[in-house]
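One structure is given here, and the rest of the page talks about it.
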Number of protein chains: 2
Amino acid sequence: MQLSETVEWGLHACLALAMMPKGARLPARALAEYHGIKPSYFSKAMQKLVAAGIIQSVEGRSGGLAMAKPAEDVSLLQIVVALEDHKTFFRCTEIRRKGPCAAAPKHYRTPCNIARVMHKADAEWRRVLATTSLADLRQSAAAEPIPGVDKATQDWLAETGAVRGL
Amino acid sequence: MQLSETVEWGLHACLALAMMPKGARLPARALAEYHGIKPSYFSKAMQKLVAAGIIQSVEGRSGGLAMAKPAEDVSLLQIVVALEDHKTFFRCTEIRRKGPCAAAPKHYRTPCNIARVMHKADAEWRRVLATTSLADLRQSAAAEPIPGVDKATQDWLAETGAVRGL
DNA sequence: GACAGTCTACTCGGATAGACAGTGTCCGAGTGAGTACGG
DNA sequence: CCGTACTCACTCGGACACTGTCTATCCGAGTAGACTGTC
Ligand code: FES
Ligand code: FES
């Protein structure tokens, strides 16, 4: 009952990329340093997002990462699922079919009531994340800015020269 | 992003106990055999449910397990939480406060927008499980019985003499 | 000054160790039913 | 026949190994900018 720590990283990283101007790309190393994360493991999380088609990568000296789709078309669920290996919380091993008192398999056409409720909870969890897009998050962040962070970010990006592709 | 396998065991075990007449108790070994589970690890899950006050245990030769509360007062959420070590899915390490561009801690009074959405999804997941009681499950199971299972269970219980406390 | 060739610094990607929680198993303390014995 | 003390089989509870996943790190293939030398 615990998501990978990389989920928080991936969400914040995608939000940061979504705030960049279109066409700009940022190396994973810079993105990790910006968030205060160790770059080694962080890059592995980015690889999964690239494989899922959420962000795109450019190799080479002036390579970097950028969003592969508009922020409106990326939901939080897509990011979380891309980063997690196991896709569902509850796993039903059809325990009801085992044991000395089980009936013939033919009689288990309808899903188990327990599994039904668990999967319903699972679906509700996903619904919340699926109905929130990265653009929604960007808008919320712009509405309630943290004082000073925006300017500090611009200065830091200019100072380190991390932005590529413009 | 995966719950322990013991969750399915615990839920089915509690449902089985809730179907027993009041005052009856069943040894963990019999309960495991009835579900086709290895008894060793299953008993460990039962220990957690006992510690959480959901079921009660009686030691000794004719000992066994029984529900500690009426089935109406036990929600699925209580069972799942009792069996899981980590209580929340998403863990926010306040990554926004780290890195070279973070502001002073004083400015982070409001929770992070990302964490807010994730915790909302978490709350929705719990809401579904909290609003379903063991009694609801028992009623649903009684409404759609699997042919033959009920009689086989009664016979098996009588044959093995696993029921105690009556 | 402009251009071609080379070099080098920097990027992503995957392959490789280590840490931790979940899994699986075992044995000991405790208890009450069953039994043997005495009244 | 009834009461009592004993034995013992059976239970839960916790202590002890094992396994798979998550975490953390490193190095190689590949690219584009930077530099040098020539025309
Ligand atoms: S059989 Fe898997 S939850 Fe009921
Ligand atoms: S700081 Fe933890 S989710 Fe934003």
Side-chain angles (χ1 to χ4, degrees), chain A residues 1-10 13 17 24-33 36-52 55-66 68 80 83-87 89-91 93 160-166, chain B residues 1-10 13 17 24-33 36-52 55-66 68 80 82-91 93 160-166:
Chain A
M1 186 168 174
Q2 189 158 295
L3 276 66
S4 168
E5 194 179 1
T6 59
V7 169
E8 188 186 12
W9 302 354
L17 287 179
R25 54 182 184 268
L26 211 57
R29 186 188 183 87
L31 210 48
E33 188 181 350
I37 315 172
K38 303 178 188 273
S40 309
Y41 188 36
F42 174 74
S43 70
K44 204 163 192 308
M46 292 299 103
Q47 286 179 33
K48 290 187 179 178
L49 293 176
V50 171
I55 65 180
Q56 58 186 358
S57 67
V58 175
E59 293 191 0
R61 168 156 177 161
S62 71
L65 304 170
V80 174
L83 290 171
E84 280 288 331
D85 293 333
H86 304 289
K87 303 306 179 191
F89 288 119
F90 183 69
R91 39 179 168 170
T93 60
T160 59
V163 181
R164 317 289 170 80
L166 290 179
Chain B
M1 187 168 172
Q2 190 157 293
L3 275 67
S4 167
E5 194 178 2
T6 60
V7 169
E8 188 186 13
W9 300 354
L17 287 178
R25 54 181 183 269
L26 213 56
R29 186 189 183 89
L31 210 48
E33 189 181 350
I37 316 172
K38 302 178 189 276
S40 309
Y41 190 35
F42 174 76
S43 70
K44 205 166 190 305
M46 292 299 104
Q47 287 178 31
K48 290 186 180 179
L49 292 176
V50 171
I55 66 180
Q56 58 186 357
S57 67
V58 176
E59 293 191 358
R61 170 161 176 158
S62 71
L65 305 170
V80 173
L83 289 171
E84 281 288 331
D85 294 333
H86 304 290
K87 303 306 179 192
T88 64
F89 287 120
F90 183 70
R91 40 179 168 169
T93 61
T160 59
V163 181
R164 317 290 170 81
L166 290 178

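Going from atom CD1 of A/Ile37 over to atom C1' of D/dT23 covers 13 Å, rounded to whole Å. If you measure from atom OH of B/Tyr41 to atom P of C/dA21, you get 14 Å, rounded to the nearest angstrom. B/Lys38 places its NZ atom 14 Å from the C1' atom of C/dC26, with the value rounded to the nearest Å. Rounded to a whole Å, the NZ atom of A/Lys48 is 10 Å from the C1' atom of D/dT21. Rounded to an integer number of Å, the gap from B/Lys87 NZ to C/dA21 C1' is 14 Å. Taking atom CD of B/Glu8 as the reference point, atom P of C/dT23 lies 12 Å away to the nearest angstrom. When the P atom of D/dT23 is taken as reference, atom CG of A/Leu83 falls 11 Å away, rounded to whole Å. Taking atom NE2 of B/His86 as the reference point, atom C1' of D/dT21 lies 12 Å away to the nearest angstrom.
Scanning for side chain to side chain donor-acceptor pair (under 3.5 Å) contacts around A/Thr93 gives B/Glu8, with sequence neighbours left out. For B/Gln2, the side chain to side chain donor-acceptor pair (under 3.5 Å) partners at least two apart in sequence or on another chain are A/His86. With sequence neighbours left out, the side chain to side chain donor-acceptor pair (under 3.5 Å) criterion links A/Thr6 to A/Ser4. For A/Ser43, there are no side chain to side chain donor-acceptor pair (under 3.5 Å) partners at least two apart in sequence or on another chain.
Across every non-hydrogen atom of A/Ala28 and A/Leu65, the tightest pair is CB-CD1, 3.8 Å.
Comparing D/dT23, D/dC22, C/dG24 against the side chain of B/Trp9 picks out C/dG24 as the nearest. The side chain of B/Arg91 lies closest to D/dT23, out of D/dT23, C/dG22, D/dC22.
Residue-level contact check: B/Glu5 touches the backbone only, with heavy atoms under 4.0 Å from sugar-phosphate atoms and none from bases.
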Evaluate side chain to side chain contact (heavy atoms under 4.5 Å, CB included) for B/Asp85 paired with B/Lys48, printing each intermediate quantity in order.
-> CA-CA 10 Å; B/Asp85 294 333; B/Lys48 290 186 180 179; 3.2 Å; yes
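Using cut-offs of 30° and 60° on the angle between ring planes, the pair B/Tyr41 and B/Trp9 is perpendicular.
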Any protein N or O atoms within reach of nucleotides 10-14 of chain C? Criterion: under 3.5 Å, listing atom names and distances.
unit_1 : atom_1 : unit_2   : atom_2 : d
C/dT11 : OP1    : A/Arg164 : NH2    : 3.3
C/dT11 : O4'    : A/Gly60  : O      : 2.8
C/dC12 : OP1    : A/Ala28  : N      : 2.9
C/dC12 : O3'    : A/Ser57  : OG     : 3.3
C/dG13 : OP1    : A/Ser57  : OG     : 2.7
C/dG14 : OP2    : A/Gln47  : OE1    : 3.3
C/dG14 : N7     : A/Gln47  : NE2    : 3.0

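If one axis is set at each end of the helix from C/dG1-D/dC39 to C/dG39-D/dC1 from five pairs, those axes are 10° apart, to 10°.
Atom CG of residue A/Leu83 and atom CG of residue A/Leu3 lie 9.5 Å apart, to the nearest 0.5 angstrom. A distance of 5.0 Å separates CG of A/Leu49 from CD1 of A/Ile55, quoted to the nearest 0.5 Å.
Along DNA chain D, the nucleotide nearest to A/Thr6 and the one nearest to A/Arg25 differ in position, and the one closer to the 5' end is contacted by A/Thr6.
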